[in-house]
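Here is the structure we will look at.
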Amino acid sequence: MNRWSPALTAPTLVLIMAALGPVSAPAQFELGDLLVVDDSSNACPHFRGAVFKVDLVSNDLTLFACPSDGSPDAIAINPDGRIFINGAGNSPCGLGEMPLFEINPDNSAVSIATCAQTNWDELAVDGFGKLLVIDGSHDACGPLKGAVLEFSVNGFSLTGGPWCRADWFSPHSLSVDVDGTVLVSTTVQGGTAKLYRIDRSTGVVALEGDMTGTSIAGHLTVAGDGRIFLTDWSGPPGCFRGDVKTVDGESGATTSFGCSGDFWFPNGITQGPGGDLFIADRDSQICQVGTGTVWRMDSGSGAILDNYCHSETFNPAEIAAWFDPTSIFADGFESGDPSAWSAVAP
């Protein structure tokens, strides 16, 4: 595995946490609540899409925020509580620029975080004040190759990238591994999806391998224990409309982990602070016809534990946990001895 450079130390970790400042959940949030962005919902005016909250105390799926721009399909929650979603449709920015929106967690108000010549097609945070972005239209590698960019969440200045490769096709999803490298999945290329790893300290973009058996890669997430999960639009018999797979971080090979016969092309996936996986499914058969679903899955066994429905969810595209479960590893980080690691969830 690639490592951060320079290595984290305990004093560095203290400085990082001090820089983030105290984090306290607003009154309308409980630890473990999740937010789901839906690019097709008409719960908000003018069919602008919507952001829903999965309340794990009441087990309700409720409307949380209405974007001021159409069809958002990417969301990320920074460890300091800042909530970002992408913008599309009729941009409120200048010609040739696209908005990144920020949602106030206290009152659900949506404002423009920044305008840039970037398509915010996919978002992820790394716990160190960086926002990772896939721009599927970036021309650094040529048409349809796209690129990965890194921005500071304070000021939104470009701090890394563009990272890309001439041999990838339409990068679709990204996540940050426990060693700080960035994982990127592609859509179908030559009959299978592929997994790439970006070492931000060297700029090297390496092909890990084909995600064998994956039809159309959905979204990636990295669990706190380092396991990589992927949603796939094709599964084993009985789950042919979707599957959750584990991904070997060294080879890219996938293994079927869990599914439901009621899956209908699952997209976003994340691990909640309690350890369970949550999957955003665009049109599950377990809810009212035409209604999207959020699934809760046991991250140990792959068993479906629960599901959440809302009549105005049509295409839940991506999901993020309040208090991102990403861990910062320190102390024994460079030794390769997991028993020496201490994990702090920011």
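With contacts defined as side-chain heavy-atom distances shorter than 4.5 Å, the pair V148/Y196 does not qualify. Contact annotation: the side chain of C44 approaches that of L63 to within less than 4.5 Å [non-hydrogen atoms, C-beta and beyond]. S260 is listed as a side-chain neighbour of W295, based on a closest heavy-atom distance under 4.5 Å. Residues I304 and F263 form a side-chain contact, since some pair of their non-hydrogen atoms from C-beta on lies under 4.5 Å apart. Taking 4.5 Å as the limit, every side-chain heavy atom of L100 sits out of range of all side-chain heavy atoms of F151.
With sequence neighbours excluded, the residues satisfying side-chain hydrogen bond (donor to acceptor under 3.5 Å, both in side chains) with D210 are K194. With sequence neighbours left out, R165 forms a side-chain hydrogen bond (donor to acceptor under 3.5 Å, both in side chains) with D167. Partners of D121 according to the side-chain hydrogen bond (donor to acceptor under 3.5 Å, both in side chains) rule, which considers only residues two or more places apart in sequence or in another chain, do not exist here. When the salt bridge (charged side-chain N to carboxylate O under 4.0 Å, His left out) test is applied to D276, the partners found at least two apart in sequence or on another chain are R296.
Separation of atoms CD (E97) and CD1 (I112) is listed at 10.0 Å; rounding is to 0.5 Å. To the nearest 0.5 Å, the span separating CG on L174 from CD1 on I134 amounts to 4.0 Å. Rounded to the nearest 0.5 angstrom, F229 CZ and T270 OG1 are separated by 11.0 Å. Note that the OG1 atom of T231 and the CD1 atom of I279 stand 8.5 Å from one another [nearest 0.5 Å].
In this pair, F265 and W233 present their aromatic rings tilted. The plane angle is within the 30 to 60° band.
For the residue pair D199 and S201, a side-chain donor N or O sits within less than 3.5 Å of a side-chain acceptor on the partner. Residues S256 and D243 bring a donor and an acceptor atom of their side chains to less than 3.5 Å of each other.
The backbone N or O of A280 sits nowhere less than 3.5 Å from a side-chain atom of N267 that would complete a donor-acceptor pair. Remark: side-chain polar atoms of N86 are paired, donor with acceptor, to backbone N or O of D73 under 3.5 angstrom. Using modelled atom types, no side-chain atom of R241 and backbone atom of D262 make a donor-acceptor pair closer than 3.5 Å. Between the side chain of K245 and the backbone N or O of L230 there is no donor-acceptor pair closer than 3.5 Å. With hydrogens and angles disregarded, a donor-acceptor distance shorter than 3.5 Å links the side chain of S299 to the backbone of G275. A donor-acceptor pair is defined here as one N or O able to donate and one able to accept, closer than 3.5 Å; such a pair exists between the side chain of E318 and the backbone of I75.
Within the structure, side-chain hydrogen bond (donor to acceptor under 3.5 Å, both in side chains) pairs that include any residue of residues 146-158 comprise R82-N154, E150-T159, E150-R200 (at least two apart or interchain). For residues 110-120, every residue pair satisfying the side-chain hydrogen bond (donor to acceptor under 3.5 Å, both in side chains) rule, not counting sequence neighbours, is listed here: N119-D135.
Under the 4.5 Å side-chain heavy-atom criterion for Ile, Leu, Val, Met, Phe, Trp and Tyr, V204 and V182 are members of distinct hydrophobic clusters. Follow the hydrophobic side-chain contacts under 4.5 Å out from L305 and you never reach V54; the two are in separate clusters.
Across all their heavy atoms, S173 and H219 have their closest contact at OG-CA, 3.2 Å.
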